[in-house]
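Computed over heavy atoms, backbone and side chain alike; hydrogens, waters and symmetry mates excluded. Every chain is numbered from 1, with letters handed out A, B, ... down the list of sequences.
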Number of protein chains: 2
Amino acid sequence: MRTVNALPERPLQAAPVDTGFLESLIGYNARRAALAIIGHVLQRLQPYGLRVVEFSVLTVIAHNPGVTSRQVCAALDILPPNLVGLLRRLEQRGLIEKRAHPGDRRAQGLYVTDAGAHLQAQAQQAVAAVECSDVTHLDAAERATLIALLRKVYQGPAAA
Amino acid sequence: MRTVNALPERPLQAAPVDTGFLESLIGYNARRAALAIIGHVLQRLQPYGLRVVEFSVLTVIAHNPGVTSRQVCAALDILPPNLVGLLRRLEQRGLIEKRAHPGDRRAQGLYVTDAGAHLQAQAQQAVAAVECSDVTHLDAAERATLIALLRKVYQGPAAA
DNA sequence: TATTGTTATACTCTATAACTATA
DNA sequence: TATAGTTATAGAGTATAACAATA
């Protein structure tokens, strides 16, 4: 039995509340874990002036030169109208550029500029650092297990 | 080597995109899994006219009779101003009620009405059904492992 | 001086309808 | 007829500042 009482006095707010049922749900726990980790990612990306979605988009473009808007949308579950503003900001900052798509004049290929590639590489290192056990509280084996189970949940049994 | 081509024709959108780095991150996978599962929860709650947050609040009140607003906020990571409207709607629907708090005239205890208790119990059954393997693609052991690892991530090593 | 509950407000994120140009 | 990209807009969700009543 612990006598946790780091707080002075102990206001109403601090009294324990039973959230047992919610804590038994995968959705509840996955959401809390995602918010916690993404909060750390947010902080690490701040020096680069990137939000989490912007980093995701920049990373997909960097790793897939010539990818189209629709492909980015499909890969990241972003709706096309919501990607327009994101791409515009990244383009205005000189991080990406659009070029004519060979073979389909409706589409346009997306490419990172040299500056975009440089920023993405630095940001990727910063983001990867969040996976360390100091932040995740997991060792390498636990982390691998967790990711495999999460992929199974949202990709189905087909998840590798 | 697979030749996956269930789609007719194959528009640009369907071409595969490398998201390898993102898929190696706990935050990315936890977010996708949470969105997938919570999407199912959303559907199951629709017959009861409850959003996910509303169900969470109703559940905490049902399991903690007399709980205060601030305690609900602390338990569910909701900011006090954002809880006001939620409670007002639940109260107007006759699902909860506020009573004077014994010993602190600033606070008010929250209680479910009979109708609220009935609705919450039904909704809880519907939500619990989402945990089945048909939806989560996990067996009981995998599910237990996943939840334990997720709690470790957002609660730290102190997670039971 | 600090806490409870509240209003007003702003900002982000997500979602839908509809348009254009190409296929 | 369907797809790629875009505009405009509506709706959630989330955030801060500031207030009255009470501790």
- Message: Between N29(A) (side chain only) and L25(A) (backbone N and O only), is there a donor and an acceptor less than 3.5 Å apart?
- Response: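 At least one qualifying donor-acceptor pair exists.
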- Donor-acceptor contact present, side-chain T68(B) to main-chain Q71(B), <3.5 Å: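 Confirmed, T68(B) side chain pairs with Q71(B) backbone.
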Without decimals, in angstroms, what is the distance between [X] [atom1] and [N] [atom2]?
X	N	atom1	atom2	value
R99(A)	dG5(D)	CZ	P	15 Å
R106(A)	dA2(D)	CZ	P	13 Å
L83(B)	dT16(D)	CG	P	17 Å
L110(A)	dT6(D)	CG	C1'	14 Å
L86(B)	dT7(C)	CG	P	13 Å
H101(A)	dA21(C)	NE2	C1'	16 Å

- Message: Give me each pair satisfying salt bridge (charged side-chain N to carboxylate O under 4.0 Å, His left out) with a member in residues 45-63 of chain B, each pair once, sequence neighbours excluded.
- Response: R51(B)-E54(B), E54(B)-R89(B)
- Query: Which residues pass the side-chain contact (heavy atoms from CB on, under 4.5 Å) test with T113(B), sequence neighbours left out?
  - Reply: E97(B), A115(B)
- Polar pair under 3.5 Å, donor/acceptor by atom type, side chain N82(A), base dA15(C): yes
- Item | R105(B) (side chain) and dT22(D) (base): donor-acceptor pair under 3.5 Å | no
- Query: Which residues within residues 66-81 of chain B lie with some heavy atom under 4.0 Å of an atom in DNA chain D?
  - Reply: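 Contacting residues: L79(B), P81(B).
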- Task: Scan residues 30-39 of chain A against DNA chain D and write down, sorted by residue number, each residue with any heavy atom closer than 4.0 Å; if none is found, say none.
- Result: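 R31(A) - these, ordered by number, are the residues of the stretch whose heavy atoms sit under 4.0 Å from the strand.
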- Task: Starting from the 5' end of DNA chain C, give me the residue, R51(A) or G103(A), whose nearest nucleotide shows up first.
- Result: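 Closest to the 5' end, via its nearest nucleotide, is R51(A).
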- Nearest-0.5 Å distance that lies between atom CG in L87(A) and atom CG in N82(A): 11.0 Å
- Query: Can you name the nearest heavy-atom pair linking L50(A) to L45(A), along with the distance?
  - Reply: O-CB, 3.3 Å
- Query: What's the closest nucleotide to the R88(B) side chain, out of dA2(D), dT7(C), dT4(C)?
  - Reply: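 Closest nucleotide among those given: dT7(C).
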- Query: Nearest to the side chain of V84(A), which nucleotide is it out of dA23(D), dT7(D), dT7(C)?
  - Reply: dT7(D)
For [N], does either OP1 or OP2 sit under 4.0 Å from a side-chain N or O belonging to [X]?
X	N	result
Q108(B)	dT6(C)	yes
R89(B)	dA12(D)	no
K98(A)	dA4(D)	no

Identify every side-chain donor-acceptor pair in residues 137-146 of chain A under 3.5 Å, counting partners at least two apart or on other chains, and give the distances.
from: H137(A); atom 1: ND1; to: K152(B); atom 2: O; distance (Å): 3.2
from: H137(A); atom 1: ND1; to: V153(B); atom 2: O; distance (Å): 3.2
from: D139(A); atom 1: OD1; to: A141(A); atom 2: N; distance (Å): 3.1
from: D139(A); atom 1: OD1; to: E142(A); atom 2: N; distance (Å): 2.8
from: E142(A); atom 1: OE1; to: D139(A); atom 2: N; distance (Å): 2.9
from: E142(A); atom 1: OE2; to: K152(B); atom 2: NZ; distance (Å): 2.6
from: R143(A); atom 1: NE; to: E131(A); atom 2: OE1; distance (Å): 2.8
from: R143(A); atom 1: NH2; to: E131(A); atom 2: OE1; distance (Å): 3.3
from: R143(A); atom 1: NH2; to: S24(B); atom 2: O; distance (Å): 2.9
from: T145(A); atom 1: OG1; to: A141(A); atom 2: O; distance (Å): 3.0

- Item | T59(B) and Q120(B) side chains, donor-acceptor separation under 3.5 Å | yes
Per-pair distances, 0.1 Å, donor-acceptor, side chain in residues 33-44 of chain A, under 3.5 Å, sequence neighbours excluded:
none

